[in-house]
**Student:** 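Just dropping this structure here.
Whatever order the structure lists ligands and atoms in, that order sets their numbers, starting from 1.
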Amino acid sequence: MFNPIKLGSKNFLSSLDISCEEFLHILEIAKSFKNKDLNIKLKEKVLGLIFDKSSTRTRVSFQVAMSRLGGTTVDLNPTTSQIGRGEPIRDTARVLSRYCDVLAIRTFKQTDLEEYAKWSSKPVINALTDLEHPCQALADFMTIKEEFLDFKDVVLTFIGDGNNVANSLILCGAFLGVEVRIACPKGYEPNSSLIDKAYEIYENKNLLKITNDPNAAVLGANVLYTDVWSSMGEENQKDEKEKVFKGFTIDSDLVSKADKDAIILHCLPAYRSKEITDEIFESHKSRIFDQAENRLHAQQALLSCILQ
Ligand code: CP
Ligand code: NVA
């Protein structure tokens with residue numbers, strides 16, 4: 001057992017704000033919390049939650065994580081605070097960071113998150129933007145590590161929309177040396193500048209593959225991962241995307257082409273019979289609810305490092 005170390009970066013806005021060593025350290029701390037080998041009490045620390053989009057897992061896991069650390073959370077609902085009335089981010093950030101010790105923010109634009117971080121005197125955590133979901137990626141790789149000894153032996157195939165979740169998987173996969181294959185319809189590839197950054201990080205450039213062929217992408221894969229086809233804020237694209245994403249459902253046919261011991265992940269919430277069939281979602285291969293549980297342990301570990 002070992003204690004949390006302070007992270008090099010003040011903020012966690014992107015998966016790239018922490019090093020590979022720090023990422024692995026957070027996973028070790030998270031494992032200790034999960035196994036009840038570590039008990040840390042950070043007296044009187046307050047986490048402010050600013051969520052411009054809905055959330056079940058991220059919000060509640062942050063609240064429970066702070067409670068387990070002996071601190072508290074303030075849940076700022078934009079519609080009942082002055083945020084929804086258009087108070088500038090730079091003012092909100094300067095005020096809230098005088099009350100809170102850390103802020104977790106879920107919003108649309110990554111640039112708005114960066115604006116909060118610029119004006120906040122306290123650390124800011126990305127609780128999901130349109131570009132990245134780095135807290136989710138912590139729990140995802142924690143779940144993968146529970147199944148596979150070495151990240152370097154893992155083939156992770158993400159099937160679906162090249163969205164925030166896919167972007168974070170790519171970035172973490174790059175510094176962890178995981179083979180990451182993304183299969184999405186043409187025009188729905190992950191963010192191109194993040195793909196470029198990932199290629200710069202990968203020692204072996206062949207380990208990242210972006211394809212439009214889900215059948216090729218699943219061959220021999222150890223982890224099959226999917227997420228909703230239309231993310232929050234894209235509700236008006238739902239009908240069009242359901243047509244374009246035909247063939248990108250994780251079903252028994254695709255699963256049969258993966259490694260026989262492959263596991264299934266989904267960040268949730270899920271739309272059964274869209275990105276994943278009910279049969280696969282509920283199958284013995286699914287680790288989806290371990291993954292959801294790990295959000296709590298991973299964020300407790302992240303907070304314990306940030307609040308050192
Ligand atoms: N996976 C995830 O972030 O879920 P919530 O939207 O419920 O927080
Ligand atoms: N890509 C999804 C993830 C939800 C947790 C969204 O942004 O809505």
**Student:** Which residue and non-hydrogen atom of the protein lie closest to atom 7 (O) of ligand 1, and at what distance in Å?
**Tutor:**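 Answer for atom 7 (O) of ligand 1: T56 N, 2.7 Å.
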**Student:** Contact between ligand 1 and L128 is defined here as a heavy atom of the residue under 4.0 Å from a ligand atom; is it met?
**Tutor:**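 Contact check L128 vs ligand 1: negative.
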**Student:** Are L307 and I40 joined in one hydrophobic group, where the rule is that I, L, V, M, F, W and Y side chains link up if heavy atoms are under 4.5 Å apart?
**Tutor:**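 Yes: a chain of side-chain contacts under 4.5 Å links L307 to I40.
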**Student:** Could you tell me whether C267 and ligand 1 have an N or O pair separated by under 3.5 Å?
**Tutor:**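 Yes, at least one N or O pair falls under 3.5 Å.
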**Student:** Could you say whether the N/O atoms of D227 and ligand 2 ever approach to under 3.5 Å?
**Tutor:**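 N/O-N/O distance below 3.5 Å exists for this pair.
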**Student:** Identify the closest protein heavy atom to atom 2 (C) of ligand 1: which residue and atom is it, and at what distance?
**Tutor:**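 For atom 2 (C) of ligand 1, the nearest protein heavy atom comes out as R295 NH1, 3.3 Å.
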**Student:** Counting non-hydrogen protein atoms only, what is the nearest one to atom 7 (O) of ligand 2? Give residue, atom name and distance.
**Tutor:**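 Protein heavy atom with the smallest distance to atom 7 (O) of ligand 2: N164 ND2, 2.8 Å.
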**Student:** Classify the angle between the aromatic ring planes of F281 and H266 as parallel (below 30°), tilted (30 to 60°) or perpendicular (above 60°).
**Tutor:**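 Judged by the thresholds at 30° and 60°, the geometry between F281 and H266 is perpendicular.
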**Student:** For S61, which of E293, R295, Q299 qualifies under side chain to side chain donor-acceptor pair (under 3.5 Å)?
**Tutor:**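 Answer to the side chain to side chain donor-acceptor pair (under 3.5 Å) test with S61 among E293, R295, Q299: Q299.
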**Student:** Between S230 and Q237, is there a side-chain donor-acceptor contact under 3.5 Å, judged purely by atom types and distance?
**Tutor:**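 Not at all, the side chains of Q237 and S230 share no donor-acceptor pair under 3.5 Å.
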**Student:** Can you confirm whether K6 is buried at NZ, in the sense that more than 12 heavy atoms of other residues, nucleotides or ligands lie under 6.0 Å from that atom?
**Tutor:**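 More than 12 within 6.0 Å, yes.
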**Student:** Taking F151 as the starting point, is it possible to reach Y202 by hopping between hydrophobic residues whose side chains are less than 4.5 Å apart?
**Tutor:**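 Looking at the clustering, F151 is in the same group as Y202.
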**Student:** Kindly identify the option in K53, R57, R106 whose heavy atom sits closest to atom 6 (O) of ligand 1.
**Tutor:**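 Of the listed residues, R106 has the closest heavy atom.
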**Student:** For H133, take its heavy atoms, then give the atoms of ligand 1 lying under 4.0 Å from any of them.
**Tutor:**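 Within the 4.0 Å cut-off of H133, ligand 1 contributes 2 (C), 3 (O).
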**Student:** Closer than 4.0 Å to some heavy atom of L268 - which atoms of ligand 1 meet that?
**Tutor:**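 The list of qualifying atoms is 1 (N), 2 (C), 4 (O).
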**Student:** Checking a contact table here: which protein heavy atom is nearest atom 4 (C) of ligand 2, and how many Å away?
**Tutor:**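 Going atom by atom, the protein heavy atom closest to atom 4 (C) of ligand 2 ends up being L128 CD1, 3.9 Å.
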**Student:** I need the C184 SG to W229 CH2 distance, nearest 0.5 Å.
**Tutor:**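 One finds 13.0 Å between SG of C184 and CH2 of W229.
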**Student:** Can a donor-acceptor pair be found between the side chains of N294 and T143 at a distance below 3.5 Å?
**Tutor:**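 On atom types as modelled, these side chains qualify, holding a pair under 3.5 Å.
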**Student:** When you compare ligand 2 with M232, is there at least one nitrogen or oxygen pair between them that comes in under 3.5 angstrom?
**Tutor:**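 Such a contact does occur with ligand 2.
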**Student:** Taking a hydrophobic cluster as the set of Ile, Leu, Val, Met, Phe, Trp and Tyr residues connected by side-chain heavy atoms closer than 4.5 Å, whether directly or through intermediates, do L194 and V178 fall within one such cluster?
**Tutor:**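 Linked within one cluster.
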**Student:** Quick one: look up the protein heavy atom nearest atom 5 (C) of ligand 2 and list residue, atom name and how far away it is.
**Tutor:**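 The protein heavy atom lying closest is L268 O, 3.6 Å.
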**Student:** Would you check the N or O atoms of N163, main chain and side chain alike, for any that come under 3.5 Å of an N or O of ligand 2?
**Tutor:**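 Min N/O separation from ligand 2 is below 3.5 Å for N163.
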